[in-house]
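Accompanying notes for the structure given below.
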Number of protein chains: 2
Amino acid sequence: MVTYAIWLFVRATHLTIGKLDSRDMDAVFQALAHESRRRMLDIVKTEPGIAVGALAAEFDVTRIAVLKHLAVLEEANLIISERDGRMRKLYVNAAPIQMIYDRWTTDYSAYWASEMTRIKYLAEASHQHEKRSQTGNS
Amino acid sequence: MVTYAIWLFVRATHLTIGKLDSRDMDAVFQALAHESRRRMLDIVKTEPGIAVGALAAEFDVTRIAVLKHLAVLEEANLIISERDGRMRKLYVNAAPIQMIYDRWTTDYSAYWASEMTRIKYLAEASHQHEKRSQTGNS
DNA sequence: CGCATATGTAACCATATGGTTACATAAAAC
DNA sequence: GTTTTATGTAACCATATGGTTACATATGCG
């Protein structure tokens, strides 16, 4: 497990350095676009090293359906696994989400913050404009 | 446009207060899962009030394909529009992204930060363990 | 070694997605 | 009033998605 953690670190560092290209982004957002898959991520995050079958038991759908969702998450590099005998232990890799956060979400959050400020200013300006109009009419 | 900005503010405030439920999240992530749609968001962000046709002209696919993507973005509340005669002006609504950022991305970013710290610690501990092993053998 | 358990693959199916062309409607321009 | 322009709807089609059942393979346990 220690050597695996080092592998995880090296791999994640590589991902952090590397660019998350457009198709990677597609894959990550697509993976997150289904509630079951977000729930799977949460479960694996809470229980690192959980086995495939134990994860599948948490859902109302067939084990195979969960395997399919798992494949989507793995394809998006959101989940990585380590074979341990006949078991497969699953771990969250939050690097892609971190990179989206770094490169995309914060961009729009900054935009949002500036929009809110601008709209507030316009609302106040509009309110004063209405006041002046009424004073003129009376 | 001023009254529309106020409407935008009120609507966005309502969204901020309201909960982004699971299906909303599905819709937002799904909307962001296609490069053309992310590009559309970027263009509308850069040119608020752009018309549908002008937006469509920026892409290699048919106008109808862009309309379909637009419908996805509107369904996810990421883009809102205002009819102006025969034109339809488009605006970005970054509130859903902000809410995902608030409720989901930062959660995993915090997890990621703690994981990086933990892995670094394990890597150092492992490195010292190897040093001791070599000393013992020689 | 035989049985139990964990995981995976293949095939099927209904629905969704992302593109296309053809046609329709309404507003703007002349 | 007629023509042009902007947008939208409908239908079609190939592929993808998200589920299912049946079967296969490998590891673990008694």
Side-chain angles (χ1 to χ4, degrees), chain A residues 1 4 22-44 47-91, chain B residues 1 4 22-44 47-91:
Chain A
M1 177 60 186
Y4 185 67
S22 200
R23 281 186 318 167
D24 293 332
M25 275 179 142
D26 286 356
V28 171
F29 280 126
Q30 177 67 32
L32 297 175
H34 194 289
E35 195 204 10
S36 295
R37 291 200 283 268
R38 293 196 295 277
R39 231 189 108 208
M40 282 163 72
L41 275 173
D42 279 341
I43 291 167
V44 176
E47 299 176 60
I50 190 172
V52 172
L55 177 64
E58 301 279 337
F59 294 83
D60 290 334
V61 293
T62 63
R63 180 179 57 84
I64 309 308
V66 173
L67 260 179
K68 284 195 165 183
H69 284 308
L70 182 57
V72 172
L73 290 166
E74 286 183 272
E75 186 60 36
N77 283 312
L78 289 168
I79 280 188
I80 53 186
S81 69
E82 176 190 39
R83 182 81 32 203
D84 182 17
R86 69 185 183 183
M87 310 264 297
R88 186 150 75 101
K89 295 180 169 179
L90 307 172
Y91 303 94
Chain B
M1 178 61 187
Y4 185 67
S22 201
R23 281 187 317 167
D24 294 332
M25 275 178 143
D26 287 355
V28 171
F29 280 126
Q30 177 67 29
L32 298 176
H34 194 290
E35 196 206 9
S36 295
R37 291 199 284 270
R38 294 197 295 275
R39 229 188 109 212
M40 282 163 72
L41 274 174
D42 280 341
I43 291 166
V44 175
E47 300 176 58
I50 191 172
V52 173
L55 177 65
E58 300 279 338
F59 295 84
D60 291 334
V61 293
T62 64
R63 180 179 57 83
I64 309 310
V66 173
L67 260 179
K68 284 195 164 181
H69 285 307
L70 182 57
V72 171
L73 289 165
E74 286 184 273
E75 187 59 37
N77 282 311
L78 289 168
I79 280 187
I80 53 185
S81 69
E82 175 190 39
R83 179 94 15 214
D84 181 16
R86 70 185 181 181
M87 310 263 296
R88 188 152 74 101
K89 295 180 171 180
L90 306 172
Y91 303 93

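Values below: every heavy atom of this structure, side chains too, minus hydrogens, waters and symmetry copies. Reminder, nothing fancy here: chain letters follow the sequence lines and each chain counts from 1. Computed from a predicted model, the values in this text were never measured in an experiment.
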Quiz prompt | Nearest heavy atoms of L73(B) and A31(B), plus distance in Å | solution = CD2-CB, 4.1 Å
Quiz prompt | Closest non-hydrogen atom pair, V28(B) against A76(B) | solution = CG2-O, 3.7 Å
Exercise. Quick one, give me the B/S/- string for nucleotides 3-12 of chain D, reading 5' to 3', where B means a protein heavy atom under 4.0 Å from the base and S means that only happens at the primed atoms, P, OP1 or OP2.
Key: --BSBBBBB-
Mind calculating the distance between [atom1] ([X]) and [atom2] ([N]) to the nearest angstrom?
X	N	atom1	atom2	answer
L73(B)	dT17(C)	CG	P	13 Å
E82(A)	dA6(C)	CD	C1'	16 Å
D84(A)	dT7(C)	CG	P	10 Å
L32(A)	dG18(D)	CG	P	12 Å
H34(A)	dA16(D)	NE2	C1'	14 Å
R23(B)	dA16(C)	CZ	C1'	16 Å
Q30(A)	dG18(D)	CD	C1'	11 Å
F29(B)	dT17(D)	CZ	P	18 Å

Could you state the interatomic distance from [atom1] ([X]) to [atom2] ([Y]), rounded to the nearest 0.5 Å?
X	Y	atom1	atom2	value
L32(B)	L78(B)	CG	CG	5.5 Å
E74(A)	I80(A)	CD	CD1	9.5 Å
I43(B)	L90(B)	CD1	CG	11.0 Å

Quiz item: Got a sec, which residues hit side-chain contact (heavy atoms from CB on, under 4.5 Å) with A33(B), two or more places apart in sequence or on another chain?
Solution: F29(A), Q30(A)
In a table with atom names and distances, give each donor-acceptor pair under 3.5 Å that connects a side chain of residues 51-70 of chain B to protein atoms at least two apart or in another chain.
| residue | atom | partner | partner atom | Å |
| --- | --- | --- | --- | --- |
| T62(B) | OG1 | A65(B) | N | 3.1 |
| H69(B) | ND1 | R37(B) | NH1 | 2.9 |

Quiz item: Residues in side chain to side chain donor-acceptor pair (under 3.5 Å) with E35(A), at least two apart?
Solution: S22(B)
Quiz item: By salt bridge (Lys or Arg N to Asp or Glu O under 4.0 Å), which residues pair with D84(B), not counting sequence neighbours?
Solution: K89(B)
Quiz item: For the helix from dC1(C)-dG30(D) to dC30(C)-dG1(D), what angle lies between the axis at the first five pairs and the axis at the last five pairs, to 10 degrees?
Solution: 20°
Quiz item: So does T62(A) get a side-chain nitrogen or oxygen closer than 4.0 Å to the phosphate oxygens (OP1/OP2) of dT20(D)?
Solution: yes
